[in-house]
Amino acid sequence: MALLTTLFAFLYHLPQVYKWLLKPYYLSSLFMSIAFLAVRKTPGICDHLSTEREDGNPCDFDWREVEILMFLSAIVMMKNRRAITVEQHVGNIILFSKVANMILFFRLDVRMGILYLTLCLVSMMTCKPPLYMGPEYIKYFSDKTIDDELEKDGRVTWIVEFFANWSPECQSFASVYADLSLKYNCAGLKFGKVDIGRYGEVSKRYRVSASPLSKQLPSLVLFQGGKEVMRRPQVDKKGRAVSWSFTEENIIREFNLNELYQKSKKFNKKSEKANPSAFAPVPEEDELEQTTPDNDHDNDAAQTDQTETKKDK
């Protein structure tokens with residue numbers, strides 16, 4: 001069932017896959033994911049490879065390689081059960097495909113394994129995964145601005161994401177968080193982000209671990225009046241993050257976004273009444289016509305007074 005879900009999701013987003021293939025990261029990842037398959041099946045190359053098959057055919061998978069590939073498929077299906085975006089599905093496939101390729105190459109020949117590992121490191125350093133660049137209503141904080149902004153107006157509710165650019169989970173969640181900000185952002189409910197991978201002091205201050213082993217990235221924290229009300233994922237007494245799925249439905253339900261948004265709309269109306277426009281209304285044409293003769297009469301009177309004063313002198 002998980003395999004069918006992944007297949008249907010892939011077919012649904014097939015037009016987007018073509019766009020991904022134009023990006024260096026996905027192009028290089030595709031090459032690295034099928035490297036062992038290409039080597040094992042390419043005539044002229046596979047003829048010189050060792051094999052454990054009974055028929056001695058070096059251009060086909062032996063039983064150990066089939067076991068490794070089947071184990072890879074099982075792991076990918078288990079990980080993709082918790083994936084929330086297509087990018088995360090593809091990321092899991094790429095990651096575990098590279099791991100399986102590395103194991104297969106080292107098993108086949110240590111020199112080929114070292115070469116593949118070197119190519120993976122070079123690809124990782126030169127081809128970064130593309131960041132989300134779509135529309136959003138999100139304010140980005142630094143270590144110097146986050147405290148002032150959260151405490152600036154006690155009537156404003158903030159939802160802040162603590163993230164790190166190197167985290168694949170944060171990269172996958174970026175589009176979901178941006179979509180929520182487009183739907184729910186208003187004067188009384190605002191969305192923010194802070195990169196704790198860059199601002200380490202913020203991670204200590206708000207007790208969000210930036211370690212990849214902590215599984216606290218990303219973390220969503222709800223602030224009201226500058227104080228923390230709730231966060232996801234929760235952290236137990238031992239400092240371990242409780243597993244939680246960052247789907248849009250979960251966030252809307254857990255953070256009561258619909259209710260918060262309705263209250264924020266009332267806050268907007270009160271703000272408009274409390275802060276009327278500071279500009280005076282523009283007079284209509286009839287009013288201008290009525291005031292013009294009086295102004296002309298005043299000007300004529302002023303000129304007459306000045307003339308009489310000159311004659312007296």
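The figures here come from the full heavy-atom set of this structure, side chains too, leaving out hydrogens, waters and symmetry mates.
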Open item on the list: Please find the pair of heavy atoms, one from Ser203 and one from Ile196, that lie closest to each other, and give the distance.
Closed with: CB-CB, 3.8 Å
Task: Transitive ILVMFWY side-chain link Leu27 to Val122, under 4.5 Å - done: no
Task: From CA spacing to verdict: side chain to side chain contact (heavy atoms under 4.5 Å, CB included), Phe162, Arg231 - done: CA-CA 11 Å; Phe162 295 84; Arg231 70 167 61 196; 6.0 Å; no
Task: Pro233 to Val242 - nearest heavy-atom pair and separation - done: CB-O, 3.2 Å
Task: Heavy-atom side-chain proximity of Trp244 to Glu254 below 4.5 angstrom - done: yes
TODO: Starting at OG of Ser33, measure out to CG of Asn101 and round the result to the nearest 0.5 Å.
DONE: 6.5 Å
Task: Joint hydrophobic cluster, Val110 plus Val99, side-chain heavy atoms closer than 4.5 Å - done: yes
TODO: Would you check if the side chain of Thr145 reaches a backbone N or O of Phe141 as a donor-acceptor pair within less than 3.5 Å?
DONE: no
Open item on the list: On a heavy-atom basis, which atom in Trp158 and which in Phe191 lie closest, and how many Å separate them?
Closed with: CZ3-O, 3.6 Å
- [ ] Would you mind reporting whether Tyr184 and Ile251 have side-chain heavy atoms less than 4.5 Å apart?
- [x] no
Task: Close side-chain approach of Leu180 to Glu161, heavy-atom, < 4.5 Å - done: no
Task: Atom pair OG (Ser245) and CG (Asn250), whose distance is rounded to the nearest 0.5 Å - done: 5.0 Å
Task: Other residues, nucleotides, ligands: >12 heavy atoms within 6.0 Å of Tyr140 OH - done: yes
TODO: Only pairs at least two apart or in different chains count here, so list each side-chain hydrogen bond (donor to acceptor under 3.5 Å, both in side chains) that has a residue in residues 187-198.
DONE: Asn165-Asp195
TODO: To the nearest 0.5 Å, tell me how far Gln171 CD sits from Phe163 CZ.
DONE: 10.0 Å
Task: Separation of Phe223 CZ from Glu149 CD (nearest 0.5 Å) - done: 12.5 Å
TODO: Report yes or no: do Val160 and Tyr137 belong to one cluster of Ile/Leu/Val/Met/Phe/Trp/Tyr joined by side chain heavy-atom distances under 4.5 Å?
DONE: no
TODO: Compare all side-chain heavy atoms of Arg205 with those of Ile146 and state whether any distance is below 4.5 angstrom.
DONE: yes
Task: Residues which pass side-chain contact (heavy atoms from CB on, under 4.5 Å) with Lys98, listed by chain and number, not counting sequence neighbours - done: Ser29, Met32, Ile94, Tyr116
TODO: Mind running side chain to side chain contact (heavy atoms under 4.5 Å, CB included) on Phe255 and Val229 for me, showing each step along the way?
DONE: CA-CA 10 Å; Phe255 286 84; Val229 177; over 6 Å; no
Open item on the list: Has Asp143 got a side-chain atom pairing as donor or acceptor with Tyr199's backbone, closer than 3.5 angstrom?
Closed with: no
TODO: Applying side-chain contact (heavy atoms from CB on, under 4.5 Å) between Asp153 and each of Thr157, Val156, Leu150, report the one that passes.
DONE: Val156
Task: Side chain proximity check, His48 to Pro58, heavy atoms < 4.5 angstrom - done: no
TODO: Determine, using the 4.5 Å side-chain heavy-atom cutoff (strictly less than), whether Leu182 and Leu260 are members of one ILVMFWY cluster.
DONE: no
TODO: Would you check, one step at a time, whether the test side chain to side chain contact (heavy atoms under 4.5 Å, CB included) holds for Leu220 with Tyr177?
DONE: CA-CA 10 Å; Leu220 284 184; Tyr177 191 59; 3.6 Å; yes
Task: Separation between CZ of Arg40 and CG of Leu108, rounded to the nearest 0.5 Å - done: 5.5 Å
TODO: Would you indicate whether the side-chain heavy atoms of Leu69 and Phe61 approach each other to under 4.5 Å?
DONE: yes
Open item on the list: Within the structure provided, determine whether Ile252 and Asn258 are in side-chain contact (heavy-atom separation under 4.5 Å).
Closed with: yes
Task: Ring centers of Phe36, Phe105 separated by less than 6.0 Å - done: yes
- [ ] Please write out which residues are connected to Val235 in a hydrophobic cluster, directly or through intermediates, given that two of Ile, Leu, Val, Met, Phe, Trp, Tyr count as joined at side-chain heavy-atom separations below 4.5 angstrom.
- [x] none
Task: Side-chain (Ser172) to main-chain (Pro168) donor-acceptor, under 3.5 angstrom - done: yes
Open item on the list: Using every non-hydrogen atom in the two residues, find where Asp60 and Lys41 come nearest and quote the distance to one decimal.
Closed with: OD1-NZ, 3.0 Å
Task: Nearest heavy atoms of Val39 and Met112, plus distance in Å - done: CG1-CE, 3.9 Å
- [ ] Kindly compute the distance separating CE (Met102) from CG (Leu117), expressed to the nearest 0.5 Å.
- [x] 4.5 Å
- [ ] Of all the heavy-atom pairs spanning Ser211 and Ser214, show the shortest one and how long it is.
- [x] O-OG, 2.8 Å
Open item on the list: With a 4.5 Å cut-off on side-chain heavy-atom distances among I, L, V, M, F, W and Y, is there a chain of contacts connecting Leu213 to Val208?
Closed with: no
Open item on the list: One pair to check against side chain to side chain contact (heavy atoms under 4.5 Å, CB included): Leu257 and Ile159. What are the steps and the verdict?
Closed with: CA-CA 10 Å; Leu257 287 186; Ile159 298 178; 3.3 Å; yes
Task: Ionic contact status for Glu52 with Arg64, cut-off 4.0 Å - done: no
Task: Charged N-O contact under 4.0 Å between Asp179 and Lys183 - done: yes
Task: Ionic contact status for Glu65 with Arg107, cut-off 4.0 Å - done: yes
